[in-house]
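As the structure is a computational prediction, the values presented were derived from the model and not from experiment. Both counts, for ligands and for their atoms, begin at 1 and track the order of listing.
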Amino acid sequence: MADALRRLKTILGEVTDIHRAGAVLDWDQETYMPPGGVHNRAEQLSTLSEVAHRRFTTDEVGKLLDEAAATTAKLPFDSDDASLVRVTRRDYDLARKLPPELVAEIAHASASARPHWQKARHEANFALFAPYLEKNVELNKRVAEALGYEKRPYDALLDRTEPGLTTDQLEAIFDELKAAIVPLVADIQRHADAIDDSVLHRGFDPDAQVRYALDTVTKLGYDLERGRQDISTHPFSTAFGPGDVRITTRVSRDFFNECLFGSIHEAGHGMYFQGIGRNLDRTPLWDGASPGVHESQSRLWENLVARSLPFWHHFFPSLRKAFPEPLKGVDVEAFYRSVNKSYPSFIRVEADEVTYNLHILLRFELENDMLEGKLKVADLPEAWNELFKSYVGLDVPNDREGVLQDIHWSFVGFAEFPGYTLGNIIGAQLMEKIRSELTDLDDQMERGEFGALLSWLQEHVYQHGRKFTPNELLERETGRPLTPKPWIAYVRKKYSALYGLKH
Ligand code: ZN
């Protein structure tokens, strides 16, 4: 029986190696590969993912999982081996439920929809993309049917990305968020003049920005012995194992926030990867608990830490030394206010901390309506614009700045958006618990000390990898399941002070 577990680990180790080799090729494609490499690289990546998939979904792996389960049945729930068998079983069942023909059809549909989405977006003409989105909605439905669900088709898709969460639970959380944010956003709008962020656009030397950002993330705890930072169009983080976790950033001379906050965001993901227990290496457990939990770490470091006043009390003097010209006559308080300016905007990826979740709520509702047949693809732009007006308060000028802005609907991947909002909520829920234990956290940050914070996160979140579902992790480490209340309390307090609102 112990042999089954050993054999299973050998196979999972190989599958992990293949995925990581693919990740290196991906990283290279996004950073240094010449444009001519695109075609061959796509072939290499698809070969590797097919080899990994085939190796993982054999009957043998199913049999070994059954046998290993007998060995681990008496072990504690959180033991490495019991967790490995439990989580791998879930992955295996999901992977086996999708017929290979459907997987191939999805890959093909995504590849052919992409250029039409690009063209439609470029010309701000939704009709060019509509037939492809119709196909993708149908494929999302078929995936939901193949995976199975009790109540709503979205449940099947959500359980794949955020295991254990249901659509109804998420809907209740999102309703609570909406009730709190919509009036707050409107209130901030009425006081928009309270913050002037023109300093951020005064021109910051790009090379100096990249140096300053890298220096800052290492001070927070991102380990350069096991990491590096490069430049890419879309910043991302990736991991090839505990000893090699990389981040990328981008830089703009005319907008300060992009490089520093982008780097800290990716370093948050990176520190999560660097903190996963080495005992879980080369297994399916060596990863973040879910996209939502992963995003909680990037947002926690980016917003709850780096957009706080104590953080800037520590860093502003060195920032002013690095950029004396643009920061002439600016004090720490004014700079803190600038990097926290909130304003309604059309594009999700440019949205601030407060308005961001509204962009996600809208996509969540529309995906559900399309999946459940309540909304026809042809009527989508109108539905988008209507919801956008009621949530964000703006009239969408065209489909490029509206329904066509995200790449997500060009591939078959409904239920990916909620992870972004879950990240905000989970980050705040963890932070509330952290502050109850590290009661002098603000003083520590003012002194530039982030070690106790990082250790807390390593011990309570990072080391566990994928052992627990998001709710299992939160109940275990904060004493209660997922709740938006800490995040709502946090933004209300912070933005009431920033904008002089009465609450
Ligand atoms: Zn992220």
*Kindly indicate, with the supporting measurements, whether the criterion salt bridge (charged side-chain N to carboxylate O under 4.0 Å, His left out) is fulfilled by D352 and R307.*
CA-CA 11 Å; D352 61 82; R307 279 192 168 87; over 6 Å; no
*Can you name the residues that form a side-chain hydrogen bond (donor to acceptor under 3.5 Å, both in side chains) with E449, not counting sequence neighbours?*
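R447.
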*Would you please name every residue forming a side-chain hydrogen bond (donor to acceptor under 3.5 Å, both in side chains) with D93, sequence neighbours left out?*
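D93: side-chain hydrogen bond (donor to acceptor under 3.5 Å, both in side chains) contacts with R89.
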_Parallel, tilted or perpendicular, judged at 30° and 60°: which one describes the rings of H464 and F468?_
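Perpendicular: the ring planes of H464 and F468 meet at over 60°.
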*What residue among D287, D91, T88 forms side-chain hydrogen bond (donor to acceptor under 3.5 Å, both in side chains) with R466?*
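The option that passes is D91.
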_2.8 Å cut-off (strict), protein N, O or S atoms about the Zn ion (ligand 1)_ =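 If we list every protein N, O or S atom nearer than 2.8 Å to the Zn ion (ligand 1), we get 3.
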*Apply salt bridge (Lys or Arg N to Asp or Glu O under 4.0 Å) to D205 and list each qualifying residue two or more places apart in sequence or on a separate chain.*
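Per chain and number, D205 pairs via salt bridge (Lys or Arg N to Asp or Glu O under 4.0 Å) with no residue.
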